[in-house]
Amino acid sequence: MGQVQRPGRRTVLGAAVLGTGAAALGPAATAVAAGGSGAGRGRSKLPVPTVIAHRGASGHRPEHTLGAYQLALDMGADVIEQDLVPTKDGRLVCRHENDITGTTDVADHPEFADRRTTKTVDGTELTGWFTEDFTLAELKTLRATERIPQTRPNNTLYDGRWEVPTFEEVLRWAEREGRRRGRPVWLHVETKHPTYFRELGLGLEEPLARLLRAHGRHRANSPTFLQSFEPGSMRRLARLVETPRVVLLSSASSRPWDFVESGDPRTVADLITPEGLKWISGFAQGIGPTLDLVVPRTADGRLGEPTTLVRDAHAHGLLLHPYTQRNENRFLPADFHRGTDPDAYGDAFGALRAYFATGIDGIFSDHPDTALLAAEDFRRG
């Protein structure tokens, strides 16, 4: 493994390109990407900090729509995120959750009234409509809507404008846009609730791997990251494709659902220790921690002191793509609030400066336009 250094403000990060089962790139200190011990070299490069459009430009358009993805790309986002769930007939579609009650107009369709049901997903009881109870043809009769209309009323202007996209449609869109722009469109693809779906006979990893292979995104230098809150999903994908992989990490006290199901007692707190990070580096190239694992908040909601997670992850060759930056006061640390309206924009630039100063390699943002400006300011010093 090449020397791991704290990223400079003009750093360029080589995409993780090492083979399955090997630890991948840490941040590079120059414009030439660092490689790993002869196992590979960075080819396609991303700026550091990398701006990842969270569910597309979801601060401006209903999430996980081609409209949100297109706007994020037009804004200049470095990477566009998709979350994948299956339909009843095994097609992968882009929704943050399989519960589509709040992100589509399904409740307005009387023909689907009897599909409303109560399920337990990863230990949480939910009542609504779920993708796995619809064929793709049925799902395509629905239209996407804004998930948090009270916070983002302007986004409701676009309710009904777009369908729920399949991942295959997104791949074709990315290919068209890549040809038009003369450069690849980077994707960050999450498997949602993989254990739950596997138990239903709707495993995500195999159909995802087939699509990646069909579209040439299965190689170690592909312009794609794969991600999951379940390490087991990334381990399974490591056996199917060489596409770089990222383990998502929720609160320190939480346990990945595949750990719960298998009886593995480890929590996220165990996975962010040097020992846990070393284990992750055996099958993944990065981690996607919640921002609170990088800089915890104090009792009054202000930013506290950074943890050692950035340093420790980089020491094991893992890049960090923490989540999620949003512009609204309700999502920002208290010391970056502006005014008393929770839905008004706060000092997002100040918060982003604080997060970038920790040495993270990228950040998920609902507002990629804001994050891109902040990243440009940071690189200038």
Side-chain angles (χ1 to χ4, degrees), residues 13-27 33-36 39-46 50 52-55 69 73 77-86 92-94 166-175 177-178 183-192 194 197-198 203-249 258 280-288 313 316-321 323 361-362 364:
L13 173 70
V17 295
L18 303 186
T20 299
L25 302 178
R41 290 280 176 185
R43 295 184 177 87
S44 298
K45 299 177 179 66
L46 289 170
T50 301
I52 305 157
H54 186 237
R55 313 176 196 175
Y69 298 153
L73 190 62
D78 302 309
V79 187
I80 317 292
E81 186 200 29
Q82 296 77 46
D83 295 322
L84 302 185
V85 293
L92 298 181
V93 295
C94 301
T166 66
F167 184 52
E168 188 167 16
E169 288 169 342
V170 171
L171 289 168
R172 292 199 296 265
W173 164 80
E175 289 171 355
E177 287 295 323
R183 56 180 174 81
V185 173
W186 281 75
L187 306 178
H188 218 304
V189 186
E190 181 180 349
T191 58
K192 300 292 295 190
F197 285 120
R198 183 163 294 280
L204 301 171
E205 293 85 2
E206 289 77 8
L208 172 55
R210 286 195 293 271
L211 285 171
L212 293 172
R213 288 185 175 279
H215 291 266
R217 289 180 178 258
H218 61 290
R219 301 179 182 90
N221 63 345
S222 298
T224 309
F225 295 99
L226 306 178
Q227 55 176 335
S228 182
F229 282 99
E230 295 188 18
S233 183
M234 293 297 94
R235 297 182 79 180
R236 182 179 291 272
L237 277 164
R239 296 191 291 269
L240 298 171
V241 293
E242 295 181 351
T243 314
R245 297 166 296 280
V246 173
V247 174
L248 299 173
L249 300 167
D258 55 338
I280 289 173
S281 73
F283 58 90
Q285 288 70 42
I287 59 172
H316 288 286
L318 295 168
L319 55 81
L320 291 92
H321 288 167
Y323 66 94
D361 301 290
F364 285 86

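No experiment lies behind these values; they were computed from the predicted model shown.
Going from atom CG of Leu212 over to atom CG of Leu237 covers 7.5 Å, rounded to the nearest 0.5 Å. With values rounded to the nearest 0.5 angstrom, Ser222 atom OG is found 8.5 Å from Trp186 atom CH2. A distance of 10.5 Å separates CD in Gln227 from OG in Ser233, rounded to the nearest 0.5 Å.
Judged purely by atom type and a 3.5 angstrom limit, Glu169 uses its side chain to pair as donor or acceptor with the backbone of Thr166. Here the side chain of Asp361 pairs a donor or acceptor atom with the backbone of Leu320 at under 3.5 angstrom. Between the side chain of Arg217 and the backbone N or O of Thr243 there is no donor-acceptor pair closer than 3.5 Å. The backbone N or O of Gly232 sits less than 3.5 Å from a side-chain atom of Asp258, completing a donor-acceptor pair.
Nearest heavy atoms, Glu190 versus Lys192: OE2-CD, 3.2 Å. The two residues Gly288 and Val246 come nearest to each other via the heavy atoms N-CG1, 3.5 Å. The two residues Leu204 and Pro86 make their nearest non-hydrogen contact at CD2-CD, 3.6 Å. Between Ile287 and Ala313 the shortest heavy-atom distance is CD1-CB, 4.0 Å. Across all non-hydrogen atoms, the minimal contact from Val241 to Ala209 is CG1-CB, 3.8 Å. Across all their heavy atoms, Asp78 and Leu46 have their closest contact at O-CD2, 4.1 Å.
No hydrogens or angles considered: a donor-acceptor pair under 3.5 Å links the side chains of Thr191 and Ser228. For the residue pair His188/Gln82, the side-chain donor-acceptor check at 3.5 Å is not satisfied.
Qualifying salt bridge (charged side-chain N to carboxylate O under 4.0 Å, His left out) partners for Arg213, counting only residues two or more places apart in sequence or in other chains: none. Partners of Arg236 under the salt bridge (charged side-chain N to carboxylate O under 4.0 Å, His left out) rule, at least two apart in sequence or in another chain, are Glu206. Not a single salt bridge (charged side-chain N to carboxylate O under 4.0 Å, His left out) links Glu230 to another residue, sequence neighbours left out.
Arg235 is not listed as a side-chain neighbour of Arg245, based on a closest heavy-atom distance of 4.5 Å or more. Residues Phe167 and Pro207 fail the side-chain proximity criterion, which asks for heavy atoms closer than 4.5 Å.
Phe225 and His321 have their aromatic ring centers within a separation under 6.0 angstrom.
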